[in-house]
K.L.:
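Before I ask anything, here is the structure I am working with.
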Amino acid sequence: MSVLEMLNDKQLEAATQIEGPVLILAGAGSGKTRVLTNRTAYMIDECGISPWNILAITFTNKAAGEMRERIDRMVGHGSESIWVATFHSTCVRILRRHIDLLGYDNSFTIYDSDDSKALMKETLKRLQIDTKQYSEKGFLNRISNAKNELKTPEDEKKDAFGDFGDELYAKVYGEYQRSLKSNNALDFDDLIMKTVELFTGFPEVLDNYQERFKYIMVDEYQDTNTAQFELIRLLADKYKNICVVGDDDQSIYKFRGANIRNILDFEKVYPDAKVVKLEQNYRSTQNILDAANAVIANNKGRKDKALWTDKGEGEKITFVQVDTAYEEADLIVNSIRKDKRNGESDYRDNAVLYRTNAQSRILEEKFVMAGIPYAVVGGVNFYSRREIKDILAYLKTIDNARDDLAVKRILNVPKRGIGATTVGKINDFSLREDIDFYEGLKRCEEALGRGKASDKILSFVDMIQVFRSKVEYISIEDLVKEILDTIEYEQMLLLEDPDGAKDRIENIEEFMNKVIAFEKQTDEKASLSEFLEEVALVADIDNVDPDADKVMLMTLHSAKGLEFPKVFLSGMEDGLFPGFMSIYGDDPTELEEERRLCYVGITRAMNKLTITASRSRMVRGETQYNNVSRFIKEIPPMLFSGRVELERKPSPTYGVERSYGGGGDYSRYGTASGTGIPARPVATSQNKARAAAAKPFIASAISLQKGASIGGGTPDYKVGDRVKHIKFGEGVVTSLKDGGRDWEVTVDFDTAGTKKMFAGFAKLVKLC
DNA sequence: CACAGGTCTCTTTTT
DNA sequence: GAGACCTGTG
């Protein structure tokens with residue numbers, strides 16, 4: 001029988017349209033992975049297409065792995081020749097074969113963002129640019145954006161039109177690229193851009209891959225950036241068999257260069273595209289979908305669609321606002337514990353989602369106290385922990401002698417008495433001689449003369465050489481063990497910080513496990529370069545183990561593509577979610593992006609959605625007072641259980657738990673009360689007043705944050721006045737109204753057009 | 001050269 | 001609150 005019998009009409013339509021461009025608009029939970037796998041099986045089984053000619057691209061290894069697994073199960077024999085991979089690993093595989101055409105060595109290393117940062121720091125130092133005035137992060141951001149738009153340093157120089165800042169940036173970009181190249185390294189964005197360069201510069205290489213990938217599928221298409229779009233366009237240009245799947249409502253990676261126009265304008269680029277909408281949702285209850293639909297309806301310029309389900313209304317949504325982030329965490333912990341005790345749900349059925357990684361800390365604290373197993377996805381990436389980076393730097397040094405950054409990192413780890421002065425001298429010497437830093441180390445006697453310093457360096461070099469000589473015939477596992485033994489790394493950690501050493505040593509053990517797993521999965525002897533490459537391209541989400549019975553804690557971004565029976569959306573507060581910048585910044589599309597993020601969050605829930613907000617929260621060491629998120633207001637009240645509670649809920653009552661010392665005792669929130677949060681009665685009456693206000697949610701809370709410039713009283717200008725803005729120049733005030741928290745002022749600028757902004761932030765100066 | 005202690009900056013979100 | 005960075009001391 002056909003492979004397609006499990007599909008609904010629309011899914012069937014999408015799965016059987018094989019030739020030509022296809023756009024599948026797949027709403028949240030509409031079974032797109034099922035469509036993609038069935039489509040693949042259909043291509044092979046029914047259309048006689050060779051698996052060899054199929055390319056499926058995803059964004060994360062996890063998604064790629066899942067798709068691979070499902071295709072394997074469905075297709076069986078031959079499925080291993082289908083190329084299923086992420087954008088980045090696809091590019092790495094291609095570049096490993098051909099990058100020599102672009103003047104790089106095929107054994108290039110991949111720099112993560114920490115590496116990029118370190119390299120940028122060096123670059124700026126070399127160019128003698130004051131990092132107080134120009135932050136390295138600023139340059140890195142611009143460079144990343146440029147690469148996502150396929151712009152070279154030369155392009156940027158041309159676009160600078162003599163502007164000093166822009167010229168400087170173009171120069172830094174060029175210098176940064178030179179450094180990368182001399183380290184034989186590529187950063188994340190280079191992986192895509194260099195592949196495009198390869199294809200445009202060497203048509204015969206492109207043709208080779210066009211012939212191979214006659215049928216292309218791209219998942220999460222709404223998250224592609226211009227470079228990725230171009231990559232796909234080039235590959236598909238010959239046969240035009242390109243099928244993209246995505247949901248414009250789930251486009252949440254603009255900050256990473258994702259261009260929502262790629263999906264919105266697909267039909268313009270491919271006028272003969274077949275478009276299929278998948279609107280039946282198999283995941284969530286009607287109540288949850290209604291909430292999601294209601295929120296996203298406030299965005300403009302979306303592809304028209306409405307999710308529906310035959311699952312029934314389901315449970316109402318719960319919303320609770322509490323006073324502190326600690327109470328919020330308690331509430332979540334208690335709810336999870338209760339359901340577990342009642343046998344209603346396992347820990348793994350729960351996910352707690354939040355906007356920023358920093359929010360996980362308090363949640364973790366409470367989960368530990370309650371003894372509930374949990375897993376945090378993301379935050380500090382496993383591979384960017386210091387101990388792991390140290391080991392990796394050893395491996396990189398052994399693998400690629402040209403990676404100066406790695407060499408410098410470990411030269412004095414553990415301490416060998418080789419300090420900054422010595423490094424500086426070797427560095428200068430290497431630059432003068434135009435050799436790699438490691439080469440400079442080898443010839444240190446020429447730079448430093450004979451002496452203690454040179455002896456220390458040479459014994460380091462000898463050690464590395466010994467490791468190198470062994471790489472060929474021992475496993476990576478043994479190599480790592482030998483490194484750790486030789487440098488007595490664990491002893492160093494213990495000596496350095498006896499308290500923190502335990503965690504770090506555990507991390508090293510986990511790293512060893514990953515090494516072993518990697519070597520097991522690769523049949524022949526796994527090469528060190530391959531291992532380093534895999535490590536460089538893992539995302540946090542790739543490491544989640546769905547079988548462990550743990551509550552999942554993660555950001556909304558990490559949650560995309562996942563589903564859970566019970567979801568907690570925490571920290572739903574204006575200023576946090578939507579974030580401060582999206583509310584008060586001058587780019588209105590940012591608020592829409594936040595709203596899409598909210599939509600993603602809501603649609604993760606299958607059966608039960610609980611939304612929480614706190615009235616106060618520590619942000620960057622200071623207490624902030626936030627109103628309930630405007631997105632909550634967009635959800636119809638009838639979808640909530642009972643009245644939407646704005647007043648303080650009674651504290652959750654605990655069983656007799658040693659760690660809590662009884663319920664509702666605020667004094668234990670030492671940090672919070674110590675920094676000047678009003679005591680409970682004050683907060684309560686304040687909030688009652690707020691709840692009674694005409695505009696319940698936007699109410700009158702004025703940020704008590706030190707130095708906050710919002711809500712700073714009435715502006716000294718009025719409608720008709722001429723004012724000056726720091727960025728937009730001069731203009732005339734056309735409207736001025738009370739926006740609740742701050743004055744909303746509209747200005748018709750002479751050159752910049754009409755802008756609406758908040759007075760506290762616009763810092764308008766009245767002109768006489 | 002190493003380390004301790006102080007100051008400053010910063011946050012979205014991630015391959 | 002954490003991490004990066006700077007400065008002074010041994």
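Note on naming: letters A, B, ... go to the chains in the order of the sequence lines (proteins, then strands), and numbering restarts at 1 for each one. As the structure is a computational prediction, the values presented were derived from the model and not from experiment.
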K.L.:
What I want to find out is whether A/Glu365 reaches A/Arg361 closely enough, with some N-O distance under 4.0 Å, to be called a salt bridge.
P.N.:
yes
K.L.:
Ring of A/Phe255 versus six-membered ring of B/dT13: centres under 5.5 Å and planes under 30°?
P.N.:
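Here A/Phe255 meets both the 5.5 Å and the 30° conditions.
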K.L.:
Less than 4.0 angstrom from a charged side-chain N to a carboxylate O is my criterion; do A/Glu594 and A/Arg355 meet it?
P.N.:
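Result for this pair is yes, salt bridge flagged.
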K.L.:
Return the value, rounded to whole Å, for the distance between atom CE of A/Met554 and atom C1' of B/dT12.
P.N.:
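Atom-to-atom, A/Met554 to B/dT12, this comes out as 17 Å.
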K.L.:
Within 45° of the six-membered ring axis of A/Phe437 and under 6.0 Å from that ring's centre, is NZ or CZ of A/Lys408 located there?
P.N.:
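Yes - A/Lys408 lies over the ring of A/Phe437, closer than 6.0 Å to its centre and within 45° of its axis.
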K.L.:
How would you label the contact of A/Gln228 with the nucleic acid (heavy atoms, under 4.0 Å): base, sugar-phosphate, or nothing?
P.N.:
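Since no nucleic acid heavy atom lies under 4.0 Å of A/Gln228, the category is nothing.
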K.L.:
Please report, rounded to the nearest Å, how far the P atom of B/dT13 is from the NE2 atom of A/His557.
P.N.:
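That distance rounds to 9 Å.
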K.L.:
Base, sugar-phosphate, or nothing: which does A/Phe59 touch, judged by heavy atoms less than 4.0 Å apart?
P.N.:
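Since only primed, P, OP1 and OP2 atoms lie under 4.0 Å of A/Phe59, the category is sugar-phosphate.
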K.L.:
Can you find an N or O donor on one side and an acceptor on the other, under 3.5 Å apart, linking the side chain of A/Arg355 with the base of B/dT13?
P.N.:
yes
K.L.:
Need one value for A/Tyr253: base, sugar-phosphate or nothing, where a base atom within 4.0 Å counts as base even if backbone is also close, heavy atoms only.
P.N.:
sugar-phosphate
K.L.:
Any side-chain N or O of A/Thr422 less than 4.0 Å from the OP1 or OP2 oxygen of B/dC1?
P.N.:
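Affirmative; the distance criterion is met.
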K.L.:
Base, sugar-phosphate or nothing for A/Gly579? Non-hydrogen atoms, less than 4.0 Å.
P.N.:
nothing
K.L.:
Are the side chains of A/Asp247 and A/Tyr599 in contact, using a 4.5 Å heavy-atom criterion?
P.N.:
yes
K.L.:
Whole Å only: how far is the CZ atom of A/Arg361 from the C1' atom of C/dG1?
P.N.:
7 Å
K.L.:
So, is A/Ser113 near the phosphate of B/dT15, with a side-chain N or O under 4.0 Å from OP1 or OP2?
P.N.:
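Checking B/dT15 against A/Ser113, no side-chain N or O comes under 4.0 Å of OP1 or OP2.
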K.L.:
Measure CG/A/Leu576 against C1'/B/dT13 and give the value in whole Å, please.
P.N.:
12 Å
K.L.:
What nucleic acid atoms does A/Lys452 come within less than 4.0 Å of, heavy atoms only: base, sugar-phosphate, or nothing?
P.N.:
nothing
K.L.:
Does a side-chain N or O from A/Lys137 land closer than 4.0 Å to OP1 or OP2 of B/dT9, or not?
P.N.:
no
K.L.:
Can you work out whether A/Gly417 or A/Thr86 has the more 5'-proximal nearest nucleotide on DNA chain B?
P.N.:
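With A/Gly417 and A/Thr86 compared, the 5'-side residue is A/Gly417.
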K.L.:
Output the rounded distance in Å from CG (A/Asp189) to P (B/dT14).
P.N.:
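Whole-Å distance recorded here is 16 Å.
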K.L.:
Look at A/Ser558 and B/dT14 and indicate whether a side-chain polar atom (N or O) is within less than 4.0 Å of OP1 or OP2.
P.N.:
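The answer is yes; a side-chain N or O of A/Ser558 sits under 4.0 Å from OP1 or OP2.
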K.L.:
Mind calculating the distance between OH (A/Tyr134) and C1' (B/dT9) to the nearest angstrom?
P.N.:
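Between C1' of B/dT9 and OH of A/Tyr134: 19 Å.
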K.L.:
Whole Å only: how far is the CG atom of A/Leu191 from the C1' atom of B/dT15?
P.N.:
9 Å
K.L.:
Where the side chain of A/Asn61 meets the backbone of A/Leu537, is there a donor-acceptor pair that is under 3.5 Å apart?
P.N.:
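Here the side-chain-to-backbone pair exists.
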K.L.:
Is the shortest distance from a Lys or Arg side-chain nitrogen in A/Asp115 or A/Lys389 to a carboxylate oxygen in the other one below 4.0 Å?
P.N.:
yes
K.L.:
Please classify the nucleic acid contact of A/Glu593 as base, sugar-phosphate, or nothing, using heavy-atom distances under 4.0 Å.
P.N.:
nothing
K.L.:
What does A/Thr421 touch in the nucleic acid at a heavy-atom separation under 4.0 angstrom: a base, only the sugar-phosphate, or nothing?
P.N.:
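Here A/Thr421 touches the backbone only, sparing every base.
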K.L.:
Is the phosphate of B/dC3 approached by A/Lys415 (side-chain N or O, under 4.0 Å from OP1 or OP2)?
P.N.:
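Looking at the OP1 and OP2 atoms of B/dC3, one of them is under 4.0 Å from a side-chain N or O of A/Lys415.
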K.L.:
Assuming nearest nucleotide by heavy-atom distance, tell me which of A/Ile418 and A/Ser135 is located more 5' along DNA chain B.
P.N.:
A/Ile418
K.L.:
Let me know the distance between CG of A/Leu597 and C1' of B/dT14, rounded to the nearest Å.
P.N.:
12 Å
K.L.:
Is it true that A/Tyr173 and A/Phe139 have ring centroids separated by less than 6.0 Å?
P.N.:
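No, they do not, as the ring centres are separated by 6.0 Å or more.
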K.L.:
Below the 4.0 Å mark, does B/dT14 have OP1 or OP2 next to a side-chain nitrogen or oxygen of A/Asn357?
P.N.:
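Checking B/dT14 against A/Asn357, a side-chain N or O does come within under 4.0 Å of OP1 or OP2.
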K.L.:
Under 4.0 angstrom, heavy atoms only, what part of the nucleic acid is A/Ala420 near: base, sugar-phosphate, or nothing?
P.N.:
sugar-phosphate
K.L.:
Given B/dC10, B/dT14, C/dC5, identify the nucleotide with an atom nearest to the side chain of A/Arg620.
P.N.:
B/dC10
K.L.:
Taking only N and O in the side chain of A/Asn412, is any of them less than 4.0 Å away from OP1 or OP2 of B/dA2?
P.N.:
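Looking at the OP1 and OP2 atoms of B/dA2, one of them is under 4.0 Å from a side-chain N or O of A/Asn412.
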K.L.:
Rounding to the closest angstrom, what is the interatomic distance between B/dT13 and C/dA4 at atom P?
P.N.:
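So the two P atoms sit 16 Å from each other.
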